[in-house]
**Q** 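Just passing along the structure, written as structure tokens.
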There are 2 protein chains.
Amino acid sequence: MDHVDHILKQWRQERPDLDVAPMGTIGRVKRLNHTLMRAMEKTWAKYGLTDAGFDVLATLRREGAPYALSPSDLMASTMVTSGTMTHRIHQLEKSGLIERVKNPDDGRGFLISLSQRGFDLIDEAVAAHVETQAQLVSGLTDEQRQQLDALLKQFLAGVEQE
Amino acid sequence: MDHVDHILKQWRQERPDLDVAPMGTIGRVKRLNHTLMRAMEKTWAKYGLTDAGFDVLATLRREGAPYALSPSDLMASTMVTSGTMTHRIHQLEKSGLIERVKNPDDGRGFLISLSQRGFDLIDEAVAAHVETQAQLVSGLTDEQRQQLDALLKQFLAGVEQE
DNA sequence: GGATTATATCTTGATATCAAGGTATGTAGG
DNA sequence: CCTACATACCTTGATATCAAGATATAATCC
């Protein structure tokens with residue numbers, strides 16, 4: 001009987017006409033996301049990073065050499081709007097972790113690339129981050145985690161298509 | 001090969017020293033949460049509500065008569081800080097959906113209670129919300145959804161204890 | 001090549017959130 | 001009763017986000 005079970009119980013009492021089973025599933029996803037984010041933020045903070053900054057640097061890093069993407073590519077990868085990405089880029093540029101160069105192939109745009117400092121920082125931070133994540137999933141066995149992956153993947157495929 | 005699989009593939013190429021399997025699980029939770037929230041916001045917006053407002057009104061409604069809780073109780077239920085709850089309460093009060101009365105049992109605090117309009121609105125909005133949620137989970141069978149519930153519950157129990 | 005449409009990014013304005021600290025009221029110990 | 005501590009809520013200041021619209025460049029079509 002966790003927090004979400006309690007909520008469902010209350011609804012079944014107050015609104016027995018509603019089928020609240022899906023609310024339980026979605027509620028757990030929301031709550032889990034919230035708790036996981038809070039935990040991971042602590043690791044990012046050790047490297048002077050936020051969710052937003054880590055997200056951008058990691059996207060550039062895992063892309064491989066030459067560690068550069070356009071703002072549009074970054075937007076698509078990170079699920080934020082253009083205004084948000086502009087803001088993130090300015091912050092990271094001010095910190096000297098990325099550089100902004102004119103896109104030689106498209107005069108309208110730029111390329112965002114990791115600076116050497118940005119590369120070194122994210123390479124170290126991501127190792128710590130992976131360790132934190134391993135700790136966070138340690139309540140599940142490997143097999144359970146794989147089952148969960150499969151279900152989440154199917155769920156996601158269902159809601160992302162449109 | 002979804003978006004998350006692509007990310008893991010990139011990391012395995014660039015950083016074969018890291019075990020990124022947990023990142024896949026956590027990444028799917030994050031992405032799923034984001035997509036679900038975006039979808040549910042559309043329903044809330046039809047009733048002039050945001051995530052924040054719906055959250056508070058629903059918490060009061062499912063509590064049962066007399067539909068009143070202290071700001072502290074609301075904070076605990078909704079996982080936000082006191083500053084955020086103060087702000088939410090002011091917004092909802094301005095909209096006439098809740099009322100704030102002095103707590104007769106504790107001179108330091110207040111009780112937040114649903115107004116008649118607030119009650120009517122949330123009672124209608126939650127029915128639409130439940131329908132939206134049913135649609136969102138329709139990519140899973142009932143059995144799969146229940147399996148997912150069980151795994152999420154265990155995952156959550158592992159990360160929430162501290 | 002000029003007009004039209006599409007694309008890439010930035011700007012603006014409104015909200016929501018948090019962390020840290022402030023104020024008022026309650027509670028417990030001597 | 002008075003002091004010390006605890007609790008409940010609010011205020012402040014800094015960020016992050018989004019939606020909508022602005023601007024500049026590219027691509028396409030006669």
Side-chain angles (χ1 to χ4, degrees), chain A residues 30-31 33-42 44-46 48-57 68-95 97-113, chain B residues 30-31 33-42 44-46 48-57 68-95 97-113:
Chain A
K30 179 176 178 186
R31 203 170 173 90
N33 180 67
H34 187 270
T35 307
L36 291 171
M37 288 299 290
R38 283 321 179 102
M40 295 188 297
E41 277 166 7
K42 289 180 190 163
W44 296 326
K46 286 182 193 163
L49 294 172
T50 60
D51 173 22
F54 182 89
D55 202 15
V56 171
L57 297 182
L69 286 173
S70 69
S72 303
D73 292 338
L74 286 168
M75 282 168 55
S77 288
T78 58
M79 298 182 86
V80 298
T81 60
S82 64
T84 300
M85 187 50 70
T86 298
H87 181 244
R88 288 183 176 189
I89 288 168
H90 285 159
Q91 292 302 107
L92 289 168
E93 195 180 19
K94 208 158 56 179
S95 306
L97 300 172
I98 60 168
E99 282 152 11
R100 201 163 56 153
V101 297
K102 265 216 160 285
N103 188 335
D105 300 333
D106 189 333
R108 291 168 301 179
F110 296 88
L111 287 180
I112 310 302
S113 75
Chain B
K30 180 176 176 186
R31 204 169 172 91
N33 180 67
H34 188 271
T35 307
L36 291 172
M37 289 299 290
R38 283 321 180 102
M40 296 187 297
E41 276 166 7
K42 289 180 189 163
W44 296 327
K46 286 182 192 163
L49 293 173
T50 61
D51 172 22
F54 182 90
D55 202 15
V56 171
L57 297 181
L69 286 173
S70 68
S72 303
D73 292 338
L74 287 168
M75 280 167 55
S77 288
T78 58
M79 299 181 85
V80 298
T81 60
S82 63
T84 299
M85 187 50 70
T86 297
H87 181 244
R88 288 183 176 188
I89 288 168
H90 284 158
Q91 293 302 108
L92 289 169
E93 195 180 18
K94 209 159 53 178
S95 307
L97 300 172
I98 60 167
E99 281 152 12
R100 202 163 55 154
V101 296
K102 266 216 162 284
N103 188 334
D105 300 333
D106 189 334
R108 291 167 300 179
F110 296 88
L111 287 181
I112 309 303
S113 75

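Please read these numbers as outputs of a predicted model, since none were measured by experiment.
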**Q** Rounding to a whole Å, what distance do you find between B:F54:CZ and C:dT15:C1'?
**A**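 Going from CZ in B:F54 over to C1' in C:dT15 covers 20 Å.
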**Q** Could you work out which one of D:dC10, D:dA26, C:dT17 sits closest to the side chain of A:D106?
**A**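 Nearest to the side-chain atoms of A:D106, counting from C-beta on, is D:dA26.
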**Q** Specify the separation, in whole Å, of atom NZ of B:K94 and atom C1' of C:dA16.
**A** 13 Å
**Q** Please report the interatomic distance CZ(B:F110) to CD(B:E99), rounded to the nearest 0.5 Å.
**A** 14.0 Å
**Q** Distance check needed: C:dA16 C1' versus B:M79 CE, whole Å only.
**A** 17 Å
**Q** Going through the checks in order, is the side chain to side chain contact (heavy atoms under 4.5 Å, CB included) test met by B:D106 and B:N103?
**A** CA-CA 5 Å; B:D106 189 334; B:N103 188 334; 4.1 Å; yes
**Q** In whole angstrom, give the distance that lies between atom CG of A:D73 and atom P of C:dT7.
**A** 14 Å
**Q** Hey, which sits more toward the 5' end of DNA chain D by its nearest nucleotide, A:T50 or A:G83?
**A**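 On the 5' side of the pair lies A:T50.
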**Q** Distance check: side-chain N/O of A:R88 vs OP1/OP2 of D:dC18, anything under 4.0 Å?
**A**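 Indeed not, no polar side-chain atom of A:R88 lies that close.
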**Q** Counting only side-chain heavy atoms from C-beta out, which of C:dT17, C:dC10, D:dA19 sits nearest to A:R100?
**A** C:dC10
**Q** I want to check one thing: is the phosphate of D:dA6, taken as OP1 and OP2, less than 4.0 Å away from some side-chain N or O of B:R108?
**A**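 Negative; the distance criterion is not met.
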**Q** Measure CE/B:M85 against P/C:dC18 and give the value in whole Å, please.
**A** 9 Å
**Q** Between A:H34 and A:M75, just flag the one whose closest nucleotide in DNA chain C comes earlier from the 5' side.
**A** A:M75
**Q** I'd like to know whether B:T50 forms a side chain to side chain contact (heavy atoms under 4.5 Å, CB included) with B:Q91, so could you lay out the CA-CA distance, the side-chain angles of the two residues, the decisive distance to 0.1 Å, and finally the verdict.
**A** CA-CA 11 Å; B:T50 61; B:Q91 293 302 108; over 6 Å; no
**Q** For DNA chain D, whose closest nucleotide is more 5', that of A:D105 or that of A:Q91?
**A**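 Here A:Q91 is the residue nearer the 5' end.
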**Q** Check the distance between C:dT17's P and B:H90's NE2 and give it to me in whole angstrom.
**A**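 Checked: the NE2 to P distance equals 15 Å.
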**Q** Nearest whole angstrom, please: distance from the C1' of D:dC10 to the CD1 of B:I89.
**A** 10 Å
**Q** Nearest to the side chain of B:H87, heavy atoms from C-beta on, is which of C:dT11, C:dT17, C:dA19?
**A**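 That would be C:dT17.
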**Q** For the pair A:R88 and A:D51, evaluate salt bridge (Lys or Arg N to Asp or Glu O under 4.0 Å) and give the outcome as yes or no after the intermediate values.
**A** CA-CA 10 Å; A:R88 288 183 176 189; A:D51 173 22; 5.1 Å; no
**Q** Starting at atom CD of A:E41, determine the distance to atom C1' of D:dT15, rounded to an integer number of angstrom.
**A** 12 Å
**Q** Is there a side chain to side chain contact (heavy atoms under 4.5 Å, CB included) between B:L69 and B:L111? Walk through the geometry before answering.
**A** CA-CA 5 Å; B:L69 286 173; B:L111 287 181; 5.9 Å; no
**Q** Looking at D:dC18, does its base get a donor-acceptor pair with the side chain of A:T84 below 3.5 Å?
**A**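 Checked by distance alone, the answer is no.
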